Amino acid sequence: MENVEIGQVFREVADLLEIQEANPFRVRAYRNAIRTIEAHAVPMRKLVEQGADLTELPSIGKGMAENIEELVNTGGLAILEELAEEIPEGLIDLMKLPGLGPKKARKLWDQLGVESIEDLEEAAGEGRVAELSGFGKKTEERILQGIQNYRTNTARFRLGEVDELLPPLIEHMSAVPGVTRLEVAGSYRRRRETVGDIDLLVLADDAVAASEGLTGFSGVERVIGAGGTKTSVMLRSGLQVDLRVVPSESWGAALIYFTGSKEHNIKLRQRALDRHLRVSEYGVFEIPDESLGDALGERGVASEGELVAGETEEDVYDALDLPWFPPEMRTDRGEIAAADDDGLPRLIEETDLKGDVHMHTTWSDGRNTLEEMVEACQARGYEYMAITDHSKALAMVEGLDAEKLAKQWIEIDEVQARHPGIRILKGMEVDILKDGTLDLEDEMLEQLDVVIVSVHSFFGLPRVEQTDRVLKALAHPSAKIFGHPTGRIINRRGPIEIEIDEILGACAEHGVAVEVNSHPNRLDLRDTHLWRARELGVPVLVTTDAHRTDELDLAHYGVEQARRAWLEAEHVLNTRGVEAFLAALGQGRGPLGG
Ligand code: DGT
Ligand code: CA
Ligand code: CA
Ligand code: ZN
């Protein structure tokens with residue numbers, strides 16, 4: 001039971017309690033606990049194993065600690081079972097639809113007998129939802145639209161969640177006797193921001209043993225199918241795992257096939273046919289002349305014809321006159337044509353990063369002190385870093401006003417003197433206020449090395465107003481970086497409505513860099529927008545927005561998104577040394593800019 005799963009169970013309890021109209025303090029206790037658990041670097045199961053006192057964690061009281069222990073030790077929670085007997089579980093899904101909170105879910109249940117998304121779809125389709133007080137025709141339409149979106153999106157897991165769920169499975173499968181090689185393929189390997197299911201490939205002496213190895217994993221809830229070389233299971237977390245046992249002479253071909261994307265595979269298949277070859281998950285085969293007609297037909301021919309390549313990915317691509325493609329590029333966005341023309345770009349790597357310039361400390365809502373963050377950045381080998389705490393508009397997190405910021409500079413100077421091995425830049429993540437002005441006085445802004453401007457409020461403004469608001473902020477001469485530009489939280493909160501092309505155009509004009517916020521819940525900007533940024537010549541920064549020292553390690557997620565947009569080190573400003581970085585930041589602004 002990993003922290004994400006504990007979070008899932010607690011969220012369910014909190015949702016059900018809310019529908020039940022339980023004491024709001026009780027609900028909040030769960031929600032606060034979820035935040036602590038999901039943010040905690042060490043798995044709760046480890047803490048429980050070690051007999052640690054969980055109540056020492058923030059927001060974890062005695063009752064919550066007992067819940068965690070119960071979950072870890074038994075895999076279930078009695079309170080959840082009790083609630084599930086009183087309230088249909090399907091109501092929880094209802095609350096994942098936009099605009100549907102516990103009160104509305106309760107009303108739909110009480111008055112229309114709605115117990116699931118399917119019930120709701122039917123009721124809304126018949127116009128019965130619009131007739132309820134507090135709903136109306138517009139809400140009904142929004143619900144129907146929301147159901148559609150829900151079906152296409154929410155069944156997917158965020159990459160960061162998968163990275164938490166996978167290690168115990170990998171560890172288990174690696175220990176299965178006879179398994180000599182193991183690789184996770186699919187969208188996970190392409191580092192897509194969300195993952196539908198896990199495609200696990202193994203090389204094994206004994207396919208049956210490998211299959212039984214998977215079905216015997218402690219995290220398995222049910223077996224979906226098992227037979228031959230393919231086994232599928234559903235984990236308790238809701239994540240599906242498809243296992244395939246692959247022969248060694250086909251390993252590379254299978255890895256390519258199951259890494260996908262499907263569109264990339266289709267392009268490879270066409271290319272093979274142009275060369276009288278046939279490519280499948282078993283390898284690249286010569287097509288005997290007489291069967292050419294069949295091979296071009298619907299399903300291709302069976303595997304007669306000589307095996308040309310298959311053992312490694314390099315061999316397979318080489319047989320098609322192609323270089324090896326980094327998985328992030330295998331999306332059919334022109335990678336094959338690029339290989340034929342100028343060759344592939346040399347994608348940015350994590351080791352190219354020379355500094356991280358978006359992070360928080362205990363001065364605002366960070367967990368670690370300024371000096372701890374500095375030491376952690378130094379431990380990562382960075383040449384420079386920027387401290388960018390929140391500005392005062394974020395009162396909840398005690399954002400800094402001018403006076404406090406000036407005090408922070410004194411501390412930065414002191415810490416800098418103690419740590420000459422890393423350059424500490426003075427920065428701030430300044431709120432873009434509702435009217436597009438910045439939440440800090442100009443004379444302070446001018447003294448900062450790094451000014452990130454971000455939206456943290458009024459997420460719901462209409463498109464024109466939101467775009468104008470951001471454009472105004474970007475035009476401020478001190479604005480240097482646009483932080484988490486769309487504000488989305490993957491699977492939780494949609495992006496703000498902005499005209500992204502216009503915004504990126506303004507960034508290019510004013511020399512404002514856009515951030516790839518590396519937090520796997522954000523990944524903002526996303527790959528397609530970064531692609532556009534590259535086309536428009538907008539500089540990019542890969543930053544972590546770390547609120548704790550260990551979050552500095554999330555940088556690789558940002559790098560992976562950047563790679564999906566074909567970014568090279570030269571496109572990303574914080575791959576440069578500190579002087580070149582500072583010179584490039586804000587370049588292109590004003591009459592002298594280029
Ligand atoms: P996901 O799981 O929705 O996040 O996305 P993928 O890309 O992991 O897709 P999945 O799990 O359905 O299939 C894994 C890979 O298998 C996929 O990336 C490419 C390959 N594949 C699946 N179906 C087809 C197909 O119909 N044609 C071809 N050429 N390849 C396929
Ligand atoms: Ca998959
Ligand atoms: Ca799959
Ligand atoms: Zn922020």
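Both ligands and their constituent atoms are indexed starting at 1 by order of listing. Given the structure is predicted, the values throughout are model-derived calculations rather than measurements.
- Looking at Tyr188, Phe258, Tyr257, Phe157 and measuring to atom 24 (C) of ligand 1, the nearest heavy atom belongs to Tyr257.
- Note on ligand 1: Ile198 sits outside its first shell, no heavy atom being nearer than 4.0 Å.
- Sorting the N, O or S atoms of Glu429 by how far they are from the Zn ion (ligand 4) puts OE2 first.
- Using modelled atom types, no side-chain atom of Glu311 and backbone atom of Trp251 make a donor-acceptor pair closer than 3.5 Å.
- The Zn ion (ligand 4) has an N, O or S atom of His484 under 2.8 Å away, backbone or side chain.
- Between Asp199 and ligand 1, at least one N/O pair is under 3.5 Å apart.
- His519 and His484 have their aromatic ring centers separated by at least 6.0 angstrom.
- Asp242 contributes OD2 as its N, O or S atom closest to the Ca ion (ligand 3).
- Listed for the Arg526 side chain is no donor-acceptor partner under 3.5 Å among the backbone atoms of Gln561.
- The closest approach between His264 and ligand 1 stays at or above 4.0 Å for every heavy atom of the residue.
- Rounding to the nearest 10°, we obtain 140° for the angle at the Ca ion (ligand 3) between Asp199 OD1 and Asp197 OD2.
- Between Lys407 and Asp401 no salt bridge is recorded (no basic side-chain N to carboxylate O distance below 4.0 Å).
- With a 6.0 Å cutoff to the six-membered ring centre and a 45° limit on the axis angle, Arg190 does not count as a cation-pi contact of Tyr188.
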